[in-house]
Amino acid sequence: MPGRTGGTPLPSQFYDRPAEEVARDLLGAVLVSTIGGATTAGRIVEAEAYVGPHDPASHAAERIGRTARNEAMFGPPGIAYVYRIYGVHWCLNVVTGAEGYPAAVLIRAVEPLEGVDAMRRRRGDHCSDRGLTSGPGKLAAAMGITGRENGHPLDRPPLMILEGEAVDPSEIAVGPRIGVTRAADWPLRFYVRNNPWVSR
DNA sequence: ATCCGGATCGCCT
DNA sequence: GGCGATCCGGATG
């Protein structure tokens, strides 16, 4: 599908807003990876906001402060924050808000648009189409994203987010974040209703 | 120096 | 629905 991944990278100003606004507006945008020489791309269909130091579920919550791990969250808007979870998986976030203010959006799921063969190679032959990218650890693996991308500005290769077709507001659903124990009821998870790649 | 728990996934029953 | 994998950051002693 030529043209599908040839859009304009979202500028850093796009991310210089409250994380919940950015999370909502990222639905429909296109994540493109050329990591390892293979082009893979997917439409963002699920994202979660981690809104600031007052957010007890955030890796940069007040009680934790600024550390080596969460350093990227204090960086300028539009860079990647990639962390390892459970000693096994990588997860991709986009840093939001002004430099020095720690907030981010976790990309939880994408719908594959390009490079399905490369995704399957990385994820395993047994994997269904839906299982390729229907979760943060899955999409990171499918697109070759690791800790090397931590701090990378997402407006240039090898990892970019491009402007996409806007999702109709009636198709956007909101609910509590997944897997968090603190602030478990805050409605900061945004997803495209009925999309097969949304996790759970 | 040691301990604990986690923004997950896949395989098991 | 439950559990093990497999590691690191942060807290405690």
Side-chain angles (χ1 to χ4, degrees), chain A residues 15 18-24 26-27 31 40 42 44-75 77 79-97 101-112 119-152 154 159 161 173-192 195-200:
Chain A
Y15 303 100
E20 61 267 44
E21 285 182 26
V22 175
R24 185 185 195 95
L26 275 176
L27 298 180
L31 179 65
T40 53
I44 297 171
V45 296
E46 180 180 357
E48 276 179 2
Y50 290 84
V51 294
H54 59 292
D55 180 351
S58 172
H59 286 176
E62 197 62 64
R63 70 175 192 288
I64 298 171
R66 190 167 181 156
T67 70
R69 173 169 77 149
N70 64 28
E71 182 60 28
M73 289 186 74
F74 291 82
I79 68 171
Y81 166 47
V82 183
Y83 68 92
R84 205 191 288 265
I85 185 75
Y86 298 113
V88 182
H89 307 286
W90 296 103
C91 293
L92 170 69
N93 293 251
V94 194
V95 172
T96 66
Y101 184 82
V105 172
L106 171 66
I107 309 301
R108 285 197 55 92
V110 305
E111 172 179 345
M119 290 184 181
R120 202 179 304 282
R121 222 177 299 130
R122 289 172 171 143
R123 294 272 297 128
D125 289 333
H126 61 282
C127 201
S128 67
D129 283 355
R130 266 187 57 230
L132 246 24
T133 54
S134 55
K138 298 179 192 177
L139 78 87
M143 302 184 75
I145 298 163
T146 71
R148 284 197 315 276
E149 279 68 46
N150 191 38
H152 173 77
L154 291 165
L159 189 61
I161 298 178
V174 187
R177 294 172 292 186
I178 291 184
V180 307
T181 54
R182 302 169 193 266
D185 56 336
W186 294 15
L188 292 174
R189 172 178 175 248
F190 301 86
Y191 58 98
V192 178
N195 184 281
W197 281 271
V198 170
S199 65
R200 329 202 145 181

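Chain letters run A, B, ... following the sequence lines, proteins first, then strands; residues in each count from 1.
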*Asks:* N/O contacts under 3.5 Å, protein versus nucleotides 6-9 of chain C?
*Replies:*
{"residue": "C/dT6", "atom": "O2", "partner": "A/Tyr86", "partner atom": "O", "Å": "2.5"}
{"residue": "C/dC7", "atom": "O2", "partner": "A/Gly87", "partner atom": "N", "Å": "3.4"}

*Asks:* Do A/Leu159 and A/Leu154 have side chains that approach each other closer than 4.5 Å (heavy atoms only, starting at C-beta)?
*Replies:*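 The answer is yes, as the side chains (C-beta and beyond) meet within the 4.5 Å cut-off.
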*Asks:* Quick one: do A/Ser134 and A/Val198 satisfy side chain to side chain contact (heavy atoms under 4.5 Å, CB included)? Show the steps, please.
*Replies:* CA-CA 6 Å; A/Ser134 55; A/Val198 170; over 6 Å; no
*Asks:* Nearest 0.5 angstrom please: A/Met73 CE to A/Asn150 CG, how far?
*Replies:*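 That separation rounds to 11.0 Å.
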*Asks:* Between residues 175-185 of chain A and DNA chain B, which residues have a heavy-atom gap below 4.0 Å?
*Replies:*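 Output list: A/Ile178, A/Gly179, A/Val180, A/Thr181.
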*Asks:* When the ring centroid of A/His59 is compared with that of A/Tyr83, is the distance short of 6.0 Å?
*Replies:*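 For A/His59 and A/Tyr83, the ring centres are under 6.0 Å apart.
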*Asks:* Between the protein and nucleotides 9-13 of chain B, which nitrogen or oxygen pairs are less than 3.5 angstrom apart?
*Replies:*
{"residue": "B/dC9", "atom": "OP1", "partner": "A/Pro136", "partner atom": "N", "Å": "3.1"}
{"residue": "B/dC9", "atom": "OP1", "partner": "A/Gly137", "partner atom": "N", "Å": "2.9"}
{"residue": "B/dC9", "atom": "OP1", "partner": "A/Lys138", "partner atom": "N", "Å": "3.2"}
{"residue": "B/dC9", "atom": "O4'", "partner": "A/His89", "partner atom": "NE2", "Å": "2.9"}
{"residue": "B/dG10", "atom": "OP1", "partner": "A/Arg123", "partner atom": "NH1", "Å": "2.6"}
{"residue": "B/dG10", "atom": "OP1", "partner": "A/Arg123", "partner atom": "NH2", "Å": "2.8"}

*Asks:* Near DNA chain B, counting only heavy atoms under 4.0 Å, which residues of residues 45-63 of chain A show up?
*Replies:*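 DNA chain B contact set from residues 45-63 of chain A: A/Tyr50, A/Ala57, A/His59.
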*Asks:* Between the side chains of A/Arg120 and A/Asp129, is the shortest nitrogen-to-carboxylate-oxygen separation below 4.0 Å, so that they form an ion pair?
*Replies:*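 Here A/Asp129 pairs with A/Arg120 in a salt bridge, since their nearest N and O are under 4.0 Å apart.
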*Asks:* Nearest whole angstrom, please: distance from the C1' of C/dG10 to the CD of A/Glu71.
*Replies:*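 In whole Å, C/dG10 C1' lies 16 Å from A/Glu71 CD.
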*Asks:* Is it true that A/Glu111 and A/Thr133 share a donor-acceptor pair across their side chains at a distance under 3.5 Å?
*Replies:*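 Their side chains do not contain a donor-acceptor pair, so the 3.5 Å distance test is not met.
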*Asks:* Which distance, rounded to the nearest 0.5 Å, do you find between the CD1 of A/Ile145 and the OG1 of A/Thr40?
*Replies:*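 Answer for the CD1-OG1 pair, A/Ile145 versus A/Thr40, is 7.0 Å.
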*Asks:* Would you measure the distance from the P atom in C/dT6 across to the matching atom in B/dT2 and give it in whole Å?
*Replies:*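 Those two atoms are separated by 23 Å.
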*Asks:* For DNA chain B, just give me the dot-bracket, please: Watson-Crick or G-U, both distances below 3.5 Å, ( ) intra-strand, [ ] crossing earlier pairs, | paired with another strand, . unpaired.
*Replies:* ||||||.|||||.
*Asks:* Is the positively charged end of A/Arg84 above the ring of A/Tyr86, judged by distance under 6.0 angstrom from the centroid and angle within 45° of the axis?
*Replies:*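 Ring-cation test returns no.
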*Asks:* Is the Lys NZ or Arg CZ of A/Arg177 less than 6.0 Å from the centre of A/Tyr50's six-membered ring, within 45° of the axis?
*Replies:*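 Yes, a cation-pi geometry.
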*Asks:* For A/Glu21, I'd like to know if atom CD has over 12 heavy atoms of other residues, nucleotides or ligands within 6.0 Å.
*Replies:*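 Counting other residues, nucleotides and ligands, CD of A/Glu21 exceeds 12 neighbours.
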*Asks:* Only counting residues at least two apart or in another chain, list the ones meeting ring pair (Phe, Tyr, Trp, His ring centres under 6.0 Å) with A/Phe74.
*Replies:*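 Partners of A/Phe74 by the ring pair (Phe, Tyr, Trp, His ring centres under 6.0 Å) criterion come out as none, since no residue qualifies.
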*Asks:* Return yes when atom CZ of A/Arg66 has more than 12 non-hydrogen atoms of other residues, nucleotides or ligands closer than 6.0 Å, and no otherwise.
*Replies:*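 Enclosed: over 12 neighbouring heavy atoms sit under 6.0 Å from CZ of A/Arg66.
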*Asks:* I need the A/Glu46 CD to A/Leu26 CG distance, nearest 0.5 Å.
*Replies:*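 A/Glu46 CD to A/Leu26 CG: 12.5 Å, rounded to 0.5 Å.
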